Amino acid sequence: MTAMTITERPEPSTTAGERESLEGWLDYHRATLALKCEGLDDAQLRKAALAPSELTLLGLVRHLAEVERWWFAMVLEGLELPDLYSTAEDRDGDFHVTEEHTFADAEATWQAEIDRAREIAAKHGLDDLAVRRSRLGEEFNLRWIYTHMIEEYARHNGHADLLREQIDGVTGE
């Protein structure tokens, strides 16, 4: 097996305060997903390499764009925005990729949502409560959202590890 070629990825500080640590780990996991996609063409990024699962690296990028939008723009800030890829008819539309879907488009959307998430989060303290609540009426503060986002990326980066290894044998961090 080959080690993954790694472009620069921000290592989280080992002595940071709480907010810097949360933001550092989230950025680390965002960069990890980008690395898992690095060097692959659109056909490889659309490949469902772990049958019977339909999961693809491109689908993961699209999904994480949706997740960034949901938690930061729609939940924390309370913006009324449409889903990026999902529809009432296809709630998992972010994962359902076709030949027309390109990494360039998905990556641009994902990066735009990350930029918006950073901008929104910068206006809030860790204890600030989100505008939206859960279906059960639970409140979320920014600290919880950061922690959840780190978990979301870490889980999906595990999926990305397996997909990448099946696609071209590349393994790595």
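We number each residue from 1, following the sequence as shown. Here the structure is a predicted model, which is why all the values come from computation and not from measurement.
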Sequence-distant partners of H159, ring-ring contact (aromatic ring centres under 6.0 Å, His included), two or more places apart: H156
Sidechain N-carboxylate O distance under 4.0 Å for E113, R69: yes
Nearest heavy-atom neighbours spanning I120 and F72: CG2-O, 3.6 Å
Side chain proximity check, E139 to R133, heavy atoms < 4.5 angstrom: yes
Enumerate donor-acceptor pairs with a distance under 3.5 Å from any side-chain N or O in residues 48-60 to protein atoms, sequence neighbours excluded.
| from | atom 1 | to | atom 2 | distance (Å) |
| --- | --- | --- | --- | --- |
| S53 | OG | L55 | N | 3.0 |
| T56 | OG1 | G59 | N | 2.8 |

Within residues 117-129 or reaching into it, pairs that qualify as salt bridge (charged side-chain N to carboxylate O under 4.0 Å, His left out) - sequence neighbours excluded: D27-R118, E77-K123, D115-R118, D127-R143
Partners meeting side-chain contact (heavy atoms from CB on, under 4.5 Å) with W70 (sequence neighbours left out): M74, V75, R132
Value rounded to 0.5 Å, distance of CD1 in I114 from CG in L64: 8.0 Å
Selection residues 32-58 - residue pairs positive for ring pair (Phe, Tyr, Trp, His ring centres under 6.0 Å), sequence neighbours left out: none
From CG (L35) to CG (D161), nearest 0.5 Å: 10.5 Å
Hphob cluster co-occupancy, V131 + W144, side-chain heavy atoms under 4.5 angstrom: no
Of R62, R30, R116, the residue whose pairing with E68 passes salt bridge (charged side-chain N to carboxylate O under 4.0 Å, His left out): R30
Residue pairs fulfilling ring pair (Phe, Tyr, Trp, His ring centres under 6.0 Å) with at least one residue in residues 33-62, sequence neighbours excluded: none
Gap separating the CD1 atom of I150 from the CH2 atom of W25, nearest 0.5 angstrom: 8.5 Å
Remaining members of the apolar cluster that contains Y85, side-chain heavy atoms under 4.5 Å: L84
E23: partners by side-chain hydrogen bond (donor to acceptor under 3.5 Å, both in side chains), with sequence neighbours left out: R19, Y146
Single-linkage hydrophobic cluster, 4.5 Å side-chain cutoff, M149 and L79 together: yes
Note, V61 side chain near L45 side chain (heavy atom, < 4.5 Å): no
Heavy-atom side-chain proximity of Q44 to C37 below 4.5 angstrom: no
Shortest non-hydrogen contact from L76 toward A121: CD2-CA, 4.5 Å
Listed once per pair and sorted, the salt bridge (charged side-chain N to carboxylate O under 4.0 Å, His left out) pairs that draw on residues 96-105, sequence neighbours left out: R46-E99
Counterpart residues, side-chain hydrogen bond (donor to acceptor under 3.5 Å, both in side chains), relative to D92 (two or more places apart): none
Closest non-hydrogen atom pair between P12 and Y28, with its separation: CD-CD1, 3.6 Å
Counterpart residues, side-chain hydrogen bond (donor to acceptor under 3.5 Å, both in side chains), relative to R135 (two or more places apart): none
Any pair counted as ring pair (Phe, Tyr, Trp, His ring centres under 6.0 Å), so long as it reaches residues 87-115, sequence neighbours left out: H63-F95
Closest non-hydrogen atom pair between G93 and S86, with its separation: N-OG, 3.7 Å
N157 side, atom CG; L163 side, atom CG - distance, nearest 0.5 Å: 11.0 Å
Interatomic distance, I167 atom CD1 to D41 atom CG [nearest 0.5 angstrom]: 9.5 Å
Nearest heavy-atom neighbours spanning A73 and L81: CB-CD1, 3.8 Å
Audit row: V170, E165, side chain to side chain contact (heavy atoms under 4.5 Å, CB included) steps and yes/no: CA-CA 5 Å; V170 170; E165 185 174 6; over 6 Å; no
Distance-only side-chain donor-acceptor flag, T171 / R164, under 3.5 Å: no
